[in-house]
Amino acid sequence: CINTPFNKDTQVTEEYRLRHRYFDIRTNQQLYRNLEIRDRVTFGIREELRRCGFMDVETPLLFKSTAEGAREFVVPTRNPGKFYALPQSPQQYKQLLMASGVDRYYQIAKCFRDESGRADRQPEFTQVDLEMAFVSTPEDVMAPVERVIRRAWHDAGHVLPEQPFPRMSYKDAMGRFGIDKPDMRFGWELETVTDAFRGVSLPRADGETHTRSGDVVRGFTIPGAGAMSNAARDRMLKHLELSAGCKVL
């Protein structure tokens, strides 16, 4: 074929590439390699979960609407006023499976959520969904999940340390990082600095500007921030407020 949409040396927009995705995959080795990696990772996840005693159970995509966090996509039927809903997650199905005696269930499930786009969320996405019954300790859950993550990382071509993943309680995570899913790569841990700000009026999340008795002031050190100009520091704080949802900085 002489007239092709573009060639590997052509600079075209991502939207144009998506319009001709079949050709982009055929000519772009990285895209094809991504499909191969996805295939290996998916196979490894299934194999590892099977070794851990989990059963792969497929659940329906058309279901009745349920009250969950996000809005649902609805699918009209031929009957006026009757709709199906696409699942946000297989939550009710897996609970039924637990009651049915399927003690360890999993599936690589399609999920649909009608909500605004975010960095970690799309209207349609795939997740490894699993459920366990008769769990005695948190380690009963964390151990097989760690095995799956290690296998997936290995199949994707990465290397992880041999030692077990660090375990952290919810209380420790919130106390040290202020979030229940901390990014451990940066090491910016919160420190209590109440004594250093005693008697100083500080803005509060509730809109007040004075410090009350019993208030705790916590913060973390940003290396090199002391040498920043006031304008640069203000831009950084504004970025944190917008991107991280910090109410008061």
Side-chain angles (χ1 to χ4, degrees), residues 11-18 28 30-31 33-34 37-38 41 68-71 88-89 111-128 142 145-146 149-150 152-153 156-161 163-249:
Q11 295 295 326
V12 296
T13 64
E14 184 67 18
E15 181 181 0
Y16 189 77
R17 289 183 178 276
L18 288 171
N28 189 326
Q30 182 59 53
L31 283 180
R33 181 173 175 272
N34 290 344
I37 293 174
R38 167 71 180 256
V41 169
E68 291 193 44
R71 290 190 298 270
Q88 299 181 41
S89 70
C111 301
F112 306 87
R113 296 180 183 178
D114 185 11
E115 58 186 7
S116 301
R118 293 184 295 180
D120 60 347
R121 186 59 51 81
Q122 300 180 86
E124 175 187 344
F125 60 95
T126 305
Q127 69 180 30
V128 179
M142 290 186 286
V145 169
E146 179 173 339
I149 293 174
R150 285 187 175 278
W153 227 244
H158 303 290
V159 179
L160 288 177
Q163 61 266 29
F165 292 170
R167 269 52 169 170
M168 186 183 306
S169 68
Y170 174 82
K171 181 179 180 180
D172 285 344
M174 296 301 294
R176 292 169 56 189
F177 300 97
I179 189 172
D180 61 355
K181 50 178 181 181
D183 191 330
M184 305 290 290
R185 295 173 296 176
F186 302 109
W188 291 357
E189 297 194 23
L190 295 172
E191 301 287 347
T192 301
V193 292
T194 307
D195 291 340
F197 288 90
R198 197 170 300 282
V200 178
S201 294
L202 295 172
R204 294 165 48 95
D206 59 7
E208 298 290 337
T209 58
H210 64 278
T211 306
R212 298 175 180 173
S213 176
D215 283 351
V216 176
V217 182
R218 312 201 74 204
F220 57 86
T221 302
I222 301 177
M228 296 173 63
S229 66
N230 289 337
R233 193 154 46 238
D234 289 343
R235 286 196 300 270
M236 179 184 66
L237 294 177
K238 188 66 175 178
H239 172 73
L240 289 173
E241 289 178 356
L242 294 175
S243 63
C246 302
K247 294 183 179 180
V248 178
L249 292 171

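In this chain, numbering begins with 1 at the start of the sequence shown.
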Trainee: Who are the side-chain contact (heavy atoms from CB on, under 4.5 Å) partners of W153, not counting sequence neighbours?
Mentor: H158, L160
Trainee: Once salt bridge (charged side-chain N to carboxylate O under 4.0 Å, His left out) is applied, do any residues pair with E14, and if so which ones, sequence neighbours excluded?
Mentor: R21
Trainee: Can you confirm whether more than 12 heavy atoms, excluding those of R38, are under 6.0 Å from its CZ atom?
Mentor: no
Trainee: Going by side-chain hydrogen bond (donor to acceptor under 3.5 Å, both in side chains), name the residues that satisfy it together with T221, two or more places apart in sequence or in a different chain.
Mentor: none
Trainee: Could you tell me which non-hydrogen atom of M174 sits nearest to which non-hydrogen atom of D180, and how far apart they are?
Mentor: SD-N, 3.5 Å
Trainee: Does some side-chain heavy atom of C111 sit less than 4.5 Å from a side-chain heavy atom of Q88?
Mentor: no
Trainee: Name all residues meeting the side-chain hydrogen bond (donor to acceptor under 3.5 Å, both in side chains) criterion together with S169; count only those two or more places apart in sequence or in a different chain, and write none if there are none.
Mentor: D172
Trainee: Can you name the side-chain contact (heavy atoms from CB on, under 4.5 Å) partners of E191, sequence neighbours left out?
Mentor: none
Trainee: Kindly write out the residues that satisfy salt bridge (charged side-chain N to carboxylate O under 4.0 Å, His left out) with R167, not counting sequence neighbours, or none if the list is empty.
Mentor: E139, E146
Trainee: What residues form a side-chain contact (heavy atoms from CB on, under 4.5 Å) with D195, not counting sequence neighbours?
Mentor: R198
Trainee: Do side-chain atoms of R150 reach the backbone of V159 as a donor and acceptor pair under 3.5 angstrom?
Mentor: no
Trainee: Mind checking side-chain hydrogen bond (donor to acceptor under 3.5 Å, both in side chains) for N34 and listing every partner two or more places apart, or none if nothing turns up?
Mentor: Q30
Trainee: Taking ring-ring contact (aromatic ring centres under 6.0 Å, His included) as the test, write out the residues that go with F165, two or more places apart.
Mentor: none
Trainee: Test of understanding: with side-chain contact (heavy atoms from CB on, under 4.5 Å), list the residues that count as partners of M184, not counting sequence neighbours.
Mentor: M168, R176, F177, P182
Trainee: Identify, with sequence neighbours excluded, every residue that meets side-chain hydrogen bond (donor to acceptor under 3.5 Å, both in side chains) alongside T194.
Mentor: none
Trainee: Pairs in or reaching into residues 222-237: which pass salt bridge (Lys or Arg N to Asp or Glu O under 4.0 Å), with residues at least two apart or in two chains?
Mentor: none
